[in-house]
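The chains referred to below are lettered A, B, ... by the order of the sequence lines, with proteins before strands, and numbering in each begins at 1.
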Protein chains: 2
Amino acid sequence: MKDMSWESYRIFLEVARQGGLTGAAQVSGLSPATVGRRVLQLEEAMGRPLFLRSQTGYRLTGEGKALFEQLQAMEAIARGVESWRQEGQGASTVRLMAGTWVTWLVCENMSAICTERDPFRLDLSVSERRATLAHREVDVGIRAVEPVEPTLISRPAGDVAYAAYRRKNSGETLAGRWLAVSEDDVVSAYLRWPHERAGGVIAVLVSRPRSLLDLVRAGAGQAVLPCFVGDLDPSLERAGDEIRELRHQQWIVANSEDRHRRDIRTVSDRLFRLLKSHADLFAGKRPSRT
Amino acid sequence: MKDMSWESYRIFLEVARQGGLTGAAQVSGLSPATVGRRVLQLEEAMGRPLFLRSQTGYRLTGEGKALFEQLQAMEAIARGVESWRQEGQGASTVRLMAGTWVTWLVCENMSAICTERDPFRLDLSVSERRATLAHREVDVGIRAVEPVEPTLISRPAGDVAYAAYRRKNSGETLAGRWLAVSEDDVVSAYLRWPHERAGGVIAVLVSRPRSLLDLVRAGAGQAVLPCFVGDLDPSLERAGDEIRELRHQQWIVANSEDRHRRDIRTVSDRLFRLLKSHADLFAGKRPSRT
DNA sequence: GACATGTCTTTCATGATTGAAAAACATAGT
DNA sequence: ACTATGTTTTTCAATCATGAAAGACATGTC
């Protein structure tokens, strides 16, 4: 029997990722009708059900999950080829993944990472959409734990300190009013802290960490933030000492197979310099503001 | 810009492997016309020449070779998926690679490896077409050196001894008449031996080792053969002692990622038993013939 | 309970992709 | 020098895959 078309593999991956035909159709530039047909053919060829169909979308079956695992590895290589292609056309893309606050810092200092004259484009993605380096979904990442995968190379980029912050001159009126991220969206230790350790009640819940800063600025309460965020904001002040138990190191991580890519190296180096130049801020050593 | 179609990748691989449009068209079931078109599109999309075109066929450029390397890894995964598919349909295929003589032994004892009642098919390929385990072109292989790749698992399967053979009762008349494989086709030490060490002249050159046995049987001269081949043939006798310097171990090798495949395990085990049951013959301990 | 909104699925005309055949071309052998 | 055989490339008709729109259906909202 003829082999299954590789093109169906890619469509399958997108349907599995997007959780439905509509989403997959949009990102792949096809129509939902075609996507549905191709998935049907693939299941036919594979001789097993790959999805659980419902009016609300497609969910992977157990066997579908097994296939998904395999094909992700295939996609990783395809991504490598894709960037090799872009490289040849002098228009490469570096995908940088970071947490909410490092992303924020990068945005504030974009000119230190990527200027108009650089021959590459930058794709920033926050870690909520948990992209994986192993599958080459991103080229450079920032992690709070040292990676163990042998296929990754990492470089330590200093400590990160945390403290509670409130609007300046708000005195003790906000003492018990904590701002926090809803527990469903908690992905890091510092986000869990208000839930576990804060004595007072939690006044406002938000779904994105970024909103914490906006709320504190507005005087809605106090929240735990990285020191390099809180200390950099002139309208904020610390509501207590550094929370030592949250301090951790951070690493810049890249895929070792992409060692040869100049653009990745460039971004990685510049990011390293940016973090180093803010090392004192990251570590919570409150410098005198200019 | 839209990504390149994965289907083009597969076509590219086949053209690179077959060295032309015609060959690729046959194995992929397309017409030469479309294959040519798809390659053209791929080159367009990649923005670089991938092949050197000539009336005699397609040859990879340097950049084409780079792409070929990448895509081979992709194909390896696709092969894994393909056998997973076949497995689900209860009709799997085990690809076994071996040298000329082990292949011969397997053919003679096919019932010990794969019978009608087994739920899998066997693809035998001799090592001349140098298939690689790493790229999953074969599932089980026999090697004369212990593999170092960490992705492979190996199992020692005894020693292999060599000696010179001639037709029985041909006396000393054939003393200097060596039969050998032409130097271009020499892939193993025992094939090189007649060229380097034989005192006499080489009477007949053939391109395939298998022909050596036929020639010796016909009384055309003497040739170096594995003992398990020569000693098993009642019409042959040794023309000298074992050639100790050629003795080596052999290993059964499989891809460790296919550990879970029952059919591969079965073939591997049966092959192991077959080799073990002939261990004395392999080692050159001439047993009394029945 | 009606309704709005989001899905997947089906239908059918359109258009892109394909294959067969012929052409153009190089190579090897006589 | 010529022919035979292999290749790639072009041409054109026909098939096949595709998309738009409509249908069917569940889910959540008012």
- Is a side-chain N or O of A/R79 found less than 3.5 angstrom from the main chain of A/R136, in a donor-acceptor match? yes

- Message: For A/R121, is there any backbone N or O sitting under 3.5 Å from a side-chain donor or acceptor partner on A/T93?
- Response: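 Not at all, since once roles are kept as given, no pair shorter than 3.5 Å links the two residues.
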
Using only side-chain N and O atoms of [X], determine if any of them is under 4.0 Å from OP1 or OP2 of [N].
| X | N | result |
| --- | --- | --- |
| B/R53 | D/dT9 | yes |
| A/S31 | D/dG19 | yes |
| B/R38 | C/dT18 | yes |
| B/T22 | D/dT8 | yes |
| A/T34 | D/dG19 | yes |

Please report the distance, rounded to the nearest Å, between [atom1] in [X] and [atom2] in [N].
| X | N | atom1 | atom2 | value |
| --- | --- | --- | --- | --- |
| A/R59 | D/dA26 | CZ | P | 16 Å |
| B/Q18 | D/dT7 | CD | P | 11 Å |
| B/R37 | C/dG19 | CZ | P | 8 Å |
| B/L42 | C/dT17 | CG | C1' | 17 Å |
| B/L21 | C/dA23 | CG | C1' | 16 Å |
| A/Y58 | D/dA26 | OH | P | 15 Å |
| B/Q41 | C/dT18 | CD | P | 7 Å |
| A/L40 | C/dT10 | CG | C1' | 12 Å |

Looking at [Y] and [X], is there a salt bridge between them, counting it only when a charged N and a carboxylate O are closer than 4.0 Å?
| X | Y | answer |
| --- | --- | --- |
| A/E43 | A/R48 | no |
| B/E44 | A/R85 | no |
| A/R95 | A/E137 | no |

Which one, [options], comes nearest to the side chain of [X]?
| X | options | value |
| --- | --- | --- |
| B/Q55 | D/dT9, C/dT7, D/dG6 | D/dG6 |
| B/A33 | C/dT10, C/dG19, D/dT27 | C/dG19 |
| B/L30 | C/dC12, C/dT9, C/dG19 | C/dG19 |

- Query: What does A/G20 touch in the nucleic acid at a heavy-atom separation under 4.0 angstrom: a base, only the sugar-phosphate, or nothing?
  - Reply: sugar-phosphate

